[in-house]
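The residues of the chain are indexed from 1 along the displayed sequence. Worth saying up front: this structure is predicted, and the values here are computed from it rather than measured.
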Amino acid sequence: MTKRELMNCLHQYTPWEMFHMENLGLVQDIENLNRTLEYPITENEKSYGLHLPNTPDVSSNTFTENIFFTDDKECDISIIQHDRYTPSQLHAHDFFEFLYVYEGEFVQQIENTKLLMHSGDFCMIPPHVHHALDVHNYSIVLNILIPKHKFQNIIMNHLKGDHILSLFFINNTYSQNINNYIIFHTNGDVNIQNIILDMCLEVINKEEYYLHFLNTQLLLLFGHLLRDYSSTCELPTIKTKKDSQNFAILKYIESNYDTVTLHELADYFHYSTQHMSRRLKQLTGMSFSQYLLTKKMEVSSNLLINTNMKIASISETIGYSNPEHFMRVFRKYYNMTPSAYRTTHHRPSTAETTVRKI
């Protein structure tokens, strides 16, 4: 498929979208209605270009990675065009969703907030945040879906630094969603649009080395958003001094997870250790030691999967001076040794990658 063909494809309605458009008053029974037709719309007719043939009905309204990342085990980026004229469904998921408005406008609900989305808007929604898209018109919306481990790898290994994406990741991975969205208003930026179209083509065509191109384009996309739109992006404001302090506490731990102690953390923020311990429990649902262990295990997991670092080096990186102690802790946490975990999950890389804290 060429770029011109892709652009035509994005504008073309699938039979399933046409069916929704013609039966707006019967959205609750649309599947049953389809089955009563003399010639029901098939799965192939539902699927065209980047459209999914069907999204499973999940009673909890929480969608998991295995629904969207099953076809290609090596590809951990999924791009889907949102069906037009379909019912708005409040839902959450256990991965990051990056929503791009290629054309049009519609209302999006994120938790209890309703936002009017316009052409060029690029919205980031973290895991476990309930949201819904009310696309009852011609709008073309592309969803870039990325598992948590993938976004973690990007932040830790490719976009190191104290910037809005790294802070967004920290807030929504280790706490109770201080910020539950970011919207970059790109106003139809041609560079952003072309990068996203190129990513769509890589997903559709799957030509040789497409995974390399796809990953490079994703980094390029994030780089443009950070460089050109960080100062004008829209996100929920930190409403209270307490929220601001919570944010600072998480950021401090993120930067010092290999050496930080509860006493040091409390002293830095001029609190007692008892107060800091209670505060972290309220913020993260974990004690200080549990939170720190979770952080260290997630970092070690990422390094085992995405790098060729030796286990002793990983142990030292996350603050364990004794590799044997690290291996015992890791085995207890993941139910397997670091070596077995790497063998099971490792993604080949051409060169060893090291990690620096944000």
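A search for side chain to side chain donor-acceptor pair (under 3.5 Å) contacts involving S78 returns nothing, not counting sequence neighbours.
Taken together through direct or relayed side-chain contacts under 4.5 Å among Ile, Leu, Val, Met, Phe, Trp and Tyr, Y48 and I140 form parts of separate hydrophobic clusters. Cluster annotation: F213 is not connected to L142 through the hydrophobic network of ILVMFWY side chains, with a link wherever side-chain heavy atoms come within less than 4.5 Å. L90 and V135 fall into different hydrophobic clusters, where Ile, Leu, Val, Met, Phe, Trp and Tyr are joined by side-chain heavy atoms under 4.5 Å apart, directly or via other members.
The closest donor-acceptor contact from the side chain of S119 to the backbone of Y102 lies at 3.5 Å or more, if one exists at all.
The minimum heavy-atom distance between V203 and K206, with the atom names listed, is O-NZ, 2.8 Å. Closest heavy-atom contact between T261 and F288: C-CZ, 3.5 Å. For the residue pair L10 and Q81, the shortest heavy atom distance occurs at O-NE2, 3.0 Å. When every heavy atom of I311 is checked against every heavy atom of P338, the shortest pair comes out as CD1-CB, 3.8 Å.
In the model, H131 has no side-chain atom that pairs as donor or acceptor with a side-chain atom of Q108 under 3.5 Å. For the residue pair N44/T42, the side-chain donor-acceptor check at 3.5 Å is not satisfied. With 3.5 Å as the limit, one finds no donor-acceptor pair spanning the side chains of Y229 and T186. In the model, T337 has no side-chain atom that pairs as donor or acceptor with a side-chain atom of S339 under 3.5 Å.
Using bins of under 30°, 30° to 60° and over 60° for the plane-to-plane angle, the ring pair Y85/H136 lands in the perpendicular bin. Relative orientation of the H93 and F95 rings is parallel, given thresholds of 30° and 60° on the angle between their planes. Between Y341 and Y334, the ring planes are tilted. Angles from 30° to 60° get that label. Ring planes of F269 and Y271: parallel class, angle under 30° (limits at 30 and 60°). Ring geometry, Y100 versus F122: the interplanar angle falls from 30° to 60°, so the pair is classed tilted.
The environment of E103 atom CD is dense: over 12 non-hydrogen atoms of other residues, nucleotides or ligands sit within 6.0 angstrom. Heavy-atom contacts from other residues, nucleotides or ligands closer than 6.0 Å to OH of Y333 number more than 12. Within 6.0 Å of atom NE2 in H263, 12 or fewer heavy atoms from other residues, nucleotides or ligands are found, so the atom counts as exposed in its surroundings. Heavy-atom contacts from other residues, nucleotides or ligands closer than 6.0 Å to NZ of K3 number more than 12.
A side-chain contact (heavy atoms from CB on, under 4.5 Å) with M124 is found for exactly one of Y181, F222, F96, namely F222. With L221 as the partner, the side-chain contact (heavy atoms from CB on, under 4.5 Å) test is satisfied by one option alone out of L226, T216, I192: I192.
Separating the CE atom in M309 from the CZ atom in R342 is a distance of 8.5 Å, to the nearest 0.5 Å. Atoms CG and CD, from L133 and Q109 in turn, are 10.5 Å apart once rounded to the nearest 0.5 Å. For the atom pair SG of C123 and CD1 of I110, the computed distance is 4.0 Å after rounding to the nearest 0.5 Å.
Applying the salt bridge (Lys or Arg N to Asp or Glu O under 4.0 Å) definition to pairs two or more places apart or across chains, those involving residues 78-99 are E17-R84. The side-chain hydrogen bond (donor to acceptor under 3.5 Å, both in side chains) analysis of residues 318-332, with sequence neighbours excluded, yields no pairs.
Ion pairing between E298 and K295 fails under the 4.0 Å rule for side-chain N and carboxylate O. A salt bridge does not link D258 to K296: none of the charged nitrogens lies less than 4.0 Å from a carboxylate oxygen.
The side-chain heavy atoms of K310 and E316, taken from C-beta on, include no pair separated by under 4.5 Å.
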